[in-house]
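Computed from heavy atoms alone, side chains included, the values below leave out hydrogens, waters and symmetry copies.
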Amino acid sequence: MKHFDLNKKQQKVMLIIVFALGCLTLLLPYMDLTGSEFQKVMTGGSGSIGKALSAVMPQLGNIEIPETIIRMAGWEQIKMVIQTSFAMKWLILILLLVPVILNIAGIVLTAAEKIGYKKLIFIPAVNIILYLILFYEMPEVITSIVQNTVADELSSSGIIGGSILSSAADSEIFSTFLRNIVGQLRVPLAGYGLWAAVGCQAVIVIIIVLGIVRRKTMMEGSVEAGELLGIKGSVMDMEFPMEGEEVIVIGRNPASCHIILEEEEISKVHCKVSFDEKICQYRLIDCSSSGCFLAGGTRLPLGEEVIIKPGTEVYLGGREVAFRLK
């Protein structure tokens, strides 16, 4: 089919592809911090801790900072979080796993066409919110993991005073110190995989909105019920109202046609016309040997259903008969 349905099919394919890409972003780095980014943030930090670090960093010039400090894909984050026991474990798992589940649901619902595409917009909306929460909570996650890891290592190290050091590492002061440092690294710490995931959801919103706008544009000036008006030939000035979505058959054969024409170039069954109330447009199938034509001379494809806007004039055969689709 042409026009609306063809574009709807394209919209369906595009939504499935982007939903799938949203799942695949788990293979990309969700956390990706380079040494140069770390040094840049530390030497230009804000606040009392940031100023203290700015003063210390130049003195650490001889210490080699690795180019890649951390690079972790989304699925690696899930694996890491599952293995930890910190308090925010379930929150982070929800923030990482729910978008994947919703993307899979989006693929299934789009493919099955169970609900209108307009209703699917809740999926990218929820996912974007979850990704932004994940971005906001990232410093808290890193702080908790580092604090717990350091405390556990010190506690089990066997070092004299290890338990005291462990308590210090587990203290609110150390937690605040870490949180301030990691908080300044929030933006550079977010890998391109996380932004790609957000981008996929934004693209889904754009596709859905474009579909809504296009449908609204097509509906402008449309009518609620179909009617054919004869404007040329033996049906001149005759009106043929259409009930619901009934199919009107036009041709010379009285036994099979609703509108019977007398002109010689008209086939026994020339064409079939119906009005689609859902999209407020006409559907026409040319069944003739002499053709159906638009006002500009374009011949409609034989045997193929075509979507036609209200107000269009259609000429039959040798253009001796014409209808306006009101």
Side-chain angles (χ1 to χ4, degrees), residues 1-15 113 115-118 207-326:
M1 296 182 189
K2 295 187 175 181
H3 206 35
F4 181 85
D5 289 308
L6 182 62
N7 287 312
K8 185 178 180 181
K9 182 179 179 181
Q10 290 176 337
Q11 186 184 19
K12 175 181 177 180
V13 172
M14 290 172 67
L15 283 174
E113 297 184 356
I115 62 174
Y117 295 159
K118 182 168 63 174
I207 293 172
I208 294 174
V209 170
L210 287 177
I212 294 171
V213 171
R214 195 178 196 296
R215 178 178 173 82
K216 184 178 179 181
T217 302
M218 292 174 63
M219 297 281 284
E220 288 179 357
S222 60
V223 294
E224 295 183 357
E227 183 177 346
L228 304 180
L229 173 64
I231 58 174
K232 190 176 181 182
S234 58
V235 291
M236 182 73 174
D237 294 330
M238 295 176 64
E239 295 182 349
F240 303 93
M242 306 172 73
E243 296 182 6
E245 297 188 2
E246 69 169 328
V247 178
I248 300 295
V249 182
I250 302 173
R252 287 192 296 111
N253 187 355
S256 54
C257 297
H258 300 92
I259 300 177
I260 303 167
L261 303 177
E262 302 171 352
E263 286 75 7
E264 293 183 1
E265 291 194 11
I266 301 300
S267 299
K268 290 182 179 180
V269 175
H270 200 93
C271 63
K272 298 177 182 179
V273 185
S274 63
F275 182 75
D276 192 326
E277 295 180 337
K278 294 179 181 177
I279 60 174
C280 295
Q281 313 243 359
Y282 291 87
R283 298 177 181 270
L284 186 147
I285 302 176
D286 181 8
C287 308
S288 70
S289 56
S290 54
C292 296
F293 303 84
L294 299 180
T298 302
R299 180 168 181 169
L300 301 180
L302 179 64
E304 183 177 339
E305 187 177 78
V306 180
I307 307 299
I308 300 179
K309 294 181 179 181
T312 302
E313 295 180 358
V314 179
Y315 294 80
L316 311 183
R319 301 173 71 87
E320 296 177 359
V321 180
F323 291 90
R324 179 179 293 116
L325 309 182
K326 295 181 70 176

Q: Just grab all the salt bridge (charged side-chain N to carboxylate O under 4.0 Å, His left out) pairs involving residues 226-244, residues at least two apart or on different chains.
A: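 Found E227-K326, E239-K326.
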Q: In chain order, what residues pass the side-chain contact (heavy atoms from CB on, under 4.5 Å) check against M236, with sequence neighbours excluded?
A: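 So M236 forms no side-chain contact (heavy atoms from CB on, under 4.5 Å) with any residue.
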Q: Who pairs with K272 by side-chain contact (heavy atoms from CB on, under 4.5 Å), at least two apart in sequence or on another chain?
A: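 side-chain contact (heavy atoms from CB on, under 4.5 Å) list for K272, sorted by chain: V247, V249, V269, C287.
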Q: If you look at every heavy atom in L316 and C271, which pair is closest and at what distance?
A: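 Heavy-atom minimum between the residues: CD2-SG, 4.2 Å.
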Q: For S256, check side-chain hydrogen bond (donor to acceptor under 3.5 Å, both in side chains) against everything at least two apart and list the hits.
A: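 In terms of side-chain hydrogen bond (donor to acceptor under 3.5 Å, both in side chains), with neighbours along the sequence ignored, S256 is linked to N253.
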Q: Once side-chain hydrogen bond (donor to acceptor under 3.5 Å, both in side chains) is applied, do any residues pair with E263, and if so which ones, sequence neighbours excluded?
A: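 For E263, the residues satisfying side-chain hydrogen bond (donor to acceptor under 3.5 Å, both in side chains) (neighbours in sequence not counted) are S234.
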Q: Quick one: list whatever passes side-chain contact (heavy atoms from CB on, under 4.5 Å) with S289, sequence neighbours left out.
A: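 Partners of S289 by the side-chain contact (heavy atoms from CB on, under 4.5 Å) criterion, ordered by chain and then number, come out as S267.
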Q: Report the residues that fulfil side-chain contact (heavy atoms from CB on, under 4.5 Å) with F240, sequence neighbours left out, ordered by chain and then residue number.
A: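 Here the qualifying residues are L228, V235, M238, I259, F323.
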Q: Answer yes or no: does atom CD of E262 have more than 12 heavy-atom neighbours from other residues, nucleotides or ligands under 6.0 Å?
A: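 Open.
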Q: With no hydrogens and no angle check, is any side-chain donor or acceptor of H270 less than 3.5 Å from a backbone partner on G291?
A: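 Yes: the side chain of H270 pairs with the backbone of G291.
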Q: Could you note down all residue pairs passing salt bridge (charged side-chain N to carboxylate O under 4.0 Å, His left out) where residues 284-297 supplies at least one of them, sequence neighbours left out?
A: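 The answer is none; no pair qualifies.
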Q: Using the salt bridge (Lys or Arg N to Asp or Glu O under 4.0 Å) criterion, which residues pair with R324? Sequence neighbours excluded.
A: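 Applying salt bridge (Lys or Arg N to Asp or Glu O under 4.0 Å) to R324 gives E313.
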Q: If you look at every heavy atom in V314 and C292, which pair is closest and at what distance?
A: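 The answer is CG1-CB, 4.3 Å.
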Q: On a heavy-atom basis, which atom in R283 and which in I307 lie closest, and how many Å separate them?
A: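 Scanning both residues completely, I find the closest heavy atoms to be NH1-CD1, 3.3 Å.
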Q: Roughly how far, to the nearest 0.5 Å, is CZ of R319 from OG of S290?
A: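 Going from the OG atom of S290 to the CZ atom of R319 covers 12.5 Å.
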Q: Working to the nearest 0.5 angstrom, can you tell me the gap between Y315 OH and E320 CD?
A: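 So the OH of Y315 and the CD of E320 are separated by 13.0 Å.
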Q: Of the non-hydrogen atoms in Q11 and I208, which two are nearest, and what is the gap between them?
A: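 Answer, listing the atom of Q11 first, then I208: NE2-CA, 3.9 Å.
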Q: How close do G317 and I266 get, counting heavy atoms only, and between which atoms?
A: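 Where G317 meets I266 most closely, the heavy atoms are N-CD1, 4.3 Å.
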